[in-house]
Number of protein chains: 2
Amino acid sequence: MTSKQEFIEKLRNSSLRPTKQRINICEVLFNRDKTFHFTINDLFNLIKDKTGEKVSLATVYNTVHAFHKKGYLKEIPINSNQTYFDTNVTDHHHFFDVKEERLIDLKNEDVGPIEIQKSIPGKKIKSVEVLVKLED
Amino acid sequence: MTSKQEFIEKLRNSSLRPTKQRINICEVLFNRDKTFHFTINDLFNLIKDKTGEKVSLATVYNTVHAFHKKGYLKEIPINSNQTYFDTNVTDHHHFFDVKEERLIDLKNEDVGPIEIQKSIPGKKIKSVEVLVKLED
DNA sequence: AATCTTCTTTAGAATAATTATAAACAACGA
DNA sequence: TCGTTGTTTATAATTATTCTAAAGAAGATT
């Protein structure tokens, strides 16, 4: 069980005041055992379901973006009509089941080290992400 | 110089009749030496510039999607407000310069083989794509 | 606790990419 | 040439996301 204090700390670190709405968002995002892949819309609906309270869509967007900026959420590079996020912010990769529109974590050791043998002058590598698309 | 016959063949293979508009689209897409990374909007504007003729946005969308479905174009998985496509449909990866919103090809040998050590029952791997984000 | 300032929430409007529609038009085969 | 079927186009519809501005809540200061 993740404590409310941790949520407040995450919010403060993200320069956000701990409000009732934001705590509810944290409850859905971070009070879990497993990693959580979601779209804003998934999250929006889950908040109502899990906490019984409605939070406006704008607040969900704002809070998710602040957490992403701070590094508490990771954006997953997929071409989908919606943007996917992940509560697992460690260095890892993904399966994407195209048919079911489902994301599955790939541990780093499931993929092995990736060595990029090319460099662009004046630029440095920010991230390396592998997306493995699955079909039936 | 790529011939008009090749364009017509590509169109027919994609179950599209060779119309003036579609030939113009092919001209911009396939009459090039280097690989071409683009968004629909890039393409839409280039058609006007290069051929002097305007093609409606809907036709650009339809044609690009048909080529993509047939495998003459590849969709590049990036989270951007617009969808990116690539005329290089061989197995390869990308740099993405986040600041300049620019894509750069990575040859397969620049990345090395990627071995996926995990499998999902009933699913097979359709593609493995690496996206390397660059920062200053 | 009262007050003041600053930040937050919210509904709804605005924006922007993409998809759908349906009428005018063009390709193709007979 | 004619008839069928596919295509183009402008425009409307849809959808994810961002913006706005007014009402409300948090935090600091007394």
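Atom set for the values below is all heavy atoms of this structure, side chains included, hydrogens, waters and symmetry mates excluded. Throughout, protein chains are lettered first and strands after them, A, B, ... in sequence-line order, and every chain is numbered starting at 1.
- Ring geometry, F67(A) versus Y72(A): the interplanar angle exceeds 60°, so the pair is classed perpendicular (tilted spans 30 to 60°).
- Rounding to whole angstrom units, CG of residue N24(A) and P of dT8(C) are separated by 16 Å.
- Judged purely by atom type and a 3.5 angstrom limit, K118(A) uses its side chain to pair as donor or acceptor with the backbone of D105(B).
- Within the 3.5 Å criterion, the main-chain N or O of L46(B) finds no donor-acceptor partner in the side chain of D49(B).
- Heavy-atom nearest nucleotides on DNA chain C were determined for T63(A) and for I40(B), and the one closer to the 5' end corresponds to T63(A).
- One finds a side-chain N or O of R12(B) lying less than 4.0 angstrom from the OP1 or OP2 phosphate oxygen of dC28(C).
- Using a 4.0 Å heavy-atom cutoff across all strands shown, T59(A) reaches at least one base atom of the nucleic acid.
- For the OP1/OP2 pair of dT9(C) and a distance below 4.0 Å, the side-chain nitrogens and oxygens of R17(A) include no atom meeting the criterion.
- The side chain of T19(B) contributes an N or O atom lying less than 4.0 Å from OP1 or OP2 of dT8(D).
- Taking atom NZ of K20(B) as the reference point, atom P of dA27(C) lies 8 Å away to the nearest angstrom.
- Nucleic acid contact for T83(B): sugar-phosphate only, since backbone atoms but no base atoms lie under 4.0 Å from a heavy atom of the residue.
- In this structure, NE2 of H65(A) is placed 17 Å from C1' of dT8(C), rounded to the nearest angstrom.
- Rounding to whole angstrom units, NE2 of residue H68(A) and P of dT17(D) are separated by 13 Å.
- Remark: Y61(A) is in phosphate contact with dT17(D), judged by side-chain N or O atoms under 4.0 Å from OP1 or OP2.
- Atom NZ in K54(B) sits about 8 Å away from atom C1' in dT9(D), given to the nearest Å.
- Rounded to whole angstrom, the span from the CG atom of N41(B) across to the P atom of dT18(C) amounts to 9 Å.
- Rounded to whole angstrom, the span from the CD atom of Q82(A) across to the P atom of dA17(C) amounts to 17 Å.
- Residues Y84(A) and N79(B) have side chains that never bring a donor and an acceptor to within less than 3.5 angstrom of each other.
- A donor-acceptor contact closer than 3.5 angstrom is absent between the side chains of H92(A) and N108(A).
- The CD atom of E101(B) sits 11 Å away from the P atom of dA17(C) (whole-angstrom rounding).
- The side chain of Q21(B) contributes an N or O atom lying less than 4.0 Å from OP1 or OP2 of dT9(D).
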